[in-house]
Structure formats: C-alpha cells, structure tokens
Amino acid sequence: MPLGLRHPPPSRGNATRPSDPRLTFATVHLLITLPTPTNPDGTCLALLDRTTYKQLVCQTSYPCPVSRPRFPAHHIRSAGAAGIGLFAVRNLAAGELVLAERPLLVVPAAAPEEDWEACVARLPPAAHRSLMALSDVGPQNGGRPAARRVRTNSMRGVSLSGKEQDYLAVGALMGRVNHSCTPNAVVHFDSRALALELRALRNVGAGEELRISYCNAGAPLAIRRAGLELYRFVCNCHSCASGQAGDAVRARIRVPDLQFITSPAAKIERCLSQVMQLERAGLEVLAAYGTCVALLVGLYKRLGDFDKAAYYRARTDAWGLAMYGDANRRD
Ligand SMILES: C[S@@+](CC[C@H](N)C(=O)[O-])C[C@H]1O[C@@H](n2cnc3c(N)ncnc32)[C@H](O)[C@@H]1O
C-alpha cells in the first residue's frame, strides 16, 4: 500500500500559521519546511508516517538551525570521470563539519517509487529544479527520471526518530559527493535540525576531494562491486585497484581480543597495530577503528601515560563526531 499522498495536497504557503517557522503544513504524512527570515535553512518535503512525524516535530527545539562550518570548507567542481564532486577548500581536521544542508526531500525507502515521484512533483519549483539537476544514471536500472534521481543521489539509512533507519534524504549539495571504498568523509542526519551533515573522517588537505562510501566499505571487493551496480560505475579507488590485496587487509581487521594478554604494553601494541593497519588502508570508517582508538585511551591511562591517553581521547572524540555528528553522539 503506497504511503501518504492519499491525503489532501499540502499547502505550500504559510498562510495558516504565519508565525510558526517550524512547519507550514502537515497531513498525517507530509511535512514541508519553508525558509523564513528567522529560519533560512531551505525547503524540505518529507513523506512521513504519523508516528515518525510526531516524534520529529515534538523534539525539544525542533527544528534547530542547520549548523554551518565556521569558515567555508568546500567547493563543487569537476572530478574528472566521476562527474561533479565536492572538494575541500582548506585543510580540514578529523571530525570537522564540512557542510550541512536541509535535504530537499525525505522519503521512506520502502515507499513505492510512484510516491517518491509524487513527492518530487510537489516540490516548490526551485527545489524541484535542484533535484532534477542531480546526476541521472539513465533508464537501464528502470524507474522514471525523478525516482532514478532519488535512488542514486540519496543518503540511505536515514533515521528520523532515532530508532528506525529507513528513510532516504536527497540534498542538493550532498548529492554531489562521490564514492570511495576508503572514504575520507561521512554523512549523517541530524533529526533535530532536519539536516544532512558532512564531516571529515580523517585530516583532509586543501584541494582534496571529499568522498563518502556508498556501500559497506568493510565488505570484500565482489560485494562492494555488487552494491555499487545501482550507481553504474566501477570504483577505481586504490583499495579496489589492489583487488585481492584489499580483501586480505579487510580479512585481517578485527578488534583484538585482549582478554588473555596480561601485559598492558602488549595490549597497546595489538591495538596500535590495528589502528595503523586501518589508517594505512584508509578504513577509518569501520567501527573497529573507533573501538581500537577508544581502547587505547584506557590502556594508556592504566599505564600512567596521561598525555597519550589524552591524545587518543581527542581522536576518539573526533571519530565519534565524524561518524555520528554532534547531535547524534552515542557516548
Ligand atoms: C550521487 S552522484 C555523485 C555526484 C555526481 N558525480 C555528479 O556529477 O553529480 C552519484 C554518481 O556519481 C558518479 N560517481 C560517484 N562516485 C564515483 C566514483 N568513485 N567513480 C566514478 N563515478 C562515480 C556515478 O556516476 C554515480 O552514479
């Protein structure tokens, strides 16, 4: 049963509640935020079920303003064979916010594509143009042009209520971020601000392209390739180019079992070896990396080396910030 859209069409204006910057219209399923002088963060059309809608708008101080990096951090230009891409304009530290934007559209992944299309058709004209200007993989995988754009340019696994992970969010700028199996950036969703946030996962140099992973970066090559078929390109990142060697590195990645190691120094050595291996492979995106860095904090503390403990604490914080954002921190 298609979701939403059996309900009356939404009002685009804010005539009914002009003083409420939070939302201008809601049936049980549709929410549209429109920019106002006090809330300039752009239009988002979200197709929601009743429970998620309530959870979203009942959050304290919803919607928070969309965060901005202190200084501009990105620009968009040609990335050669990958089309358009997003590049760092200055050095970025791990965990740093590169870009945040209110998505143009948020739809349930499980909704029929006709519902996605109906939502796209209801976008205000400027938002509609932005969405339709995003990359189109062509009709080979099926679907109509609007649905294809949603499918290939959306961030997946978006959780709006903090529980389920089943929404797709399309951002006009986030839709320009290319893929790497060894990503240097991560996108997450801040439900309080109704915003997508892109953060650096490791230190990134000025001029470097920011890339996220469209697939499970920890999976073997064949599975990553299958996951990327939808996007109709073959990844040529150094991990993919190294073929079996990349798989061998991934097979060796695990959080070390420290239970039967008695010497703290030996425990540290095991964790450091994993951290270095993951950094060499460019796989900081894997949970094992965050766990090993966090383990080092406690291990150095136990050894009485508080400088190193503080160093790894800062790196754990930066990693948590990159992976989960400020609002979604799990600690
Ligand atoms: C979400 S869009 C990214 C922005 C896109 N490059 C553009 O020009 O708008 C996804 C599309 O970008 C291209 N792409 C992304 N990452 C790529 C990569 N690593 N190598 C080649 N093409 C890539 C593919 O065509 C893919 O379908």
Side-chain angles (χ1 to χ4, degrees), residues 73-89 98-107 109 113 116 120 123 126-158 167-189 195-202 204 207-243 246 281-285:
H74 80 278
H75 73 145
I76 286 177
R77 65 173 165 84
S78 165
I84 293 171
L86 201 131
F87 293 77
V89 285
V98 181
L99 162 72
E101 68 172 342
R102 188 150 284 159
L104 301 166
L105 185 72
V106 176
V107 287
E113 289 197 1
W116 300 353
V120 173
L123 285 170
H128 187 269
R129 276 194 302 277
S130 296
L131 190 138
M132 295 307 285
L134 292 173
S135 167
D136 178 10
V137 289
Q140 300 90 331
N141 293 347
R144 285 205 287 260
R148 292 203 302 264
R149 277 157 175 110
V150 174
R151 217 189 298 136
T152 48
N153 296 288
S154 53
M155 299 303 145
R156 285 150 198 279
V158 164
Y167 284 87
L168 307 178
V170 189
L173 299 171
M174 294 298 173
R176 299 304 185 180
V177 185
N178 286 319
H179 160 89
S180 170
C181 299
T182 57
N184 59 4
V186 178
V187 178
H188 50 84
F189 189 78
L196 290 162
E197 290 192 356
L198 181 75
R199 285 181 185 266
L201 180 58
R202 52 179 175 262
V204 173
E208 224 181 295
E209 186 179 356
L210 290 146
R211 292 198 175 202
I212 58 172
S213 181
Y214 296 178
C215 59
N216 173 3
L221 179 60
I223 294 178
R224 300 201 306 280
R225 285 233 162 111
L228 294 173
E229 268 169 21
L230 158 71
Y231 301 93
R232 303 200 67 80
F233 70 91
V234 176
C235 181
N236 64 359
C237 71
H238 67 81
S239 197
C240 288
S242 72
L283 287 172
E284 294 90 341
V285 72

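Start at 1 and go down the list; that is how both ligands and their atoms are numbered.
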Exercise for review: Number the atoms of ligand 1 from 1 as they appear, then name those within less than 4.0 Å of a heavy atom of V177, with their elements.
Suggested key: 3 (C)

Check your understanding: Under 4.0 Å from any heavy atom of R211, which atoms of ligand 1 are there?
Key -> 18 (C), 19 (N)

Point to revise | Identified salt bridge (charged side-chain N to carboxylate O under 4.0 Å, His left out) counterpart of E113 within the set R144, R148, R151, R149 | key: R151

Check your understanding: Among protein heavy atoms, which sits nearest to atom 13 (C) of ligand 1, and what does the distance come to when rounded to 0.1 Å?
Key -> A82 O, 3.6 Å

Exercise for review: Work out whether the distance between some heavy atom of V234 and some atom of ligand 1 is less than 4.0 Å.
Suggested key: no

Review point. Which residue owns the protein heavy atom closest to atom 27 (O) of ligand 1, what's the atom, and how far is it?
Key: Y231 O, 2.7 Å

Check your understanding: Is a side-chain N or O of R176 found less than 3.5 angstrom from the main chain of L86, in a donor-acceptor match?
Key -> no

Check your understanding: Do the rings of F233 and Y214 sit parallel, tilted or perpendicular, given the 30° and 60° boundaries?
Key -> perpendicular

Review point. Of all the heavy atoms in R232, does at least one lie under 4.0 Å from an atom in ligand 1?
Key: no

Check your understanding: Any sub-3.5 Å donor-acceptor pair from R211's side-chain atoms to N178's backbone N or O?
Key -> no

Practice item. For T152, counting its heavy atoms only, list the atoms of ligand 1 lying under 4.0 Å from any of them. Key: 1 (C)

Review point. Hey, looking at atom 7 (C) of ligand 1, which of M155, H179, R176, E209 has the closest heavy atom?
Key: R176

Check your understanding: When rounded to the nearest 0.5 angstrom, what is the spacing between SG in C240 and CZ in R225?
Key -> 5.5 Å

Practice item. Give the single entry among N178, N153, L134, I76 that approaches atom 14 (N) of ligand 1 most closely by any heavy atom. Key: N178

Exercise for review: Using a 4.0 Å heavy-atom cut-off, say whether F233 meets ligand 1 through its side chain, its backbone, both or neither.
Suggested key: side chain

Point to revise | Donor-acceptor pair, side chain of S154 and main chain of R156, under 3.5 angstrom | key: no

Study note, to complete from the structure: Among non-hydrogen protein atoms, atom 10 (C) of ligand 1 lies closest to Y214 OH, 3.4 Å

Revision key, fill the gap. Any heavy atom of N236 under 4.0 Å from ligand 1? The part involved is neither

Practice item. Return yes if some donor-acceptor pair links the side-chain N/O of R202 with the main-chain N/O of P183 below 3.5 Å, else return no. Key: yes

Point to revise | Numbering as shown, the atoms of ligand 1 that approach I84 to under 4.0 Å (heavy-atom distance) | key: 4 (C), 5 (C), 6 (N), 7 (C), 8 (O)

**Study point:** Proximal ligand 1 atoms for V137, defined as those under 4.0 Å from one of its heavy atoms
**Key:** 27 (O)

Revision key, fill the gap. heavy-atom search around atom 11 (C) of ligand 1 in the protein gives S135 OG, 3.8 Å

Point to revise | Test applied, side chain to side chain contact (heavy atoms under 4.5 Å, CB included); reference residue, L105; option that passes from V120, N153, L168 | key: V120

Review point. Measuring from the heavy atoms of G175, does anything fall under 4.0 Å of ligand 1?
Key: yes

Exercise for review: Describe, in one word, how the ring planes of F87 and H75 are oriented to each other, choosing from parallel (under 30°), tilted (30 to 60°) and perpendicular (over 60°).
Suggested key: perpendicular

Review point. Does the side chain of H179 reach to within under 4.5 Å of the side chain of C215, using non-hydrogen atoms?
Key: yes

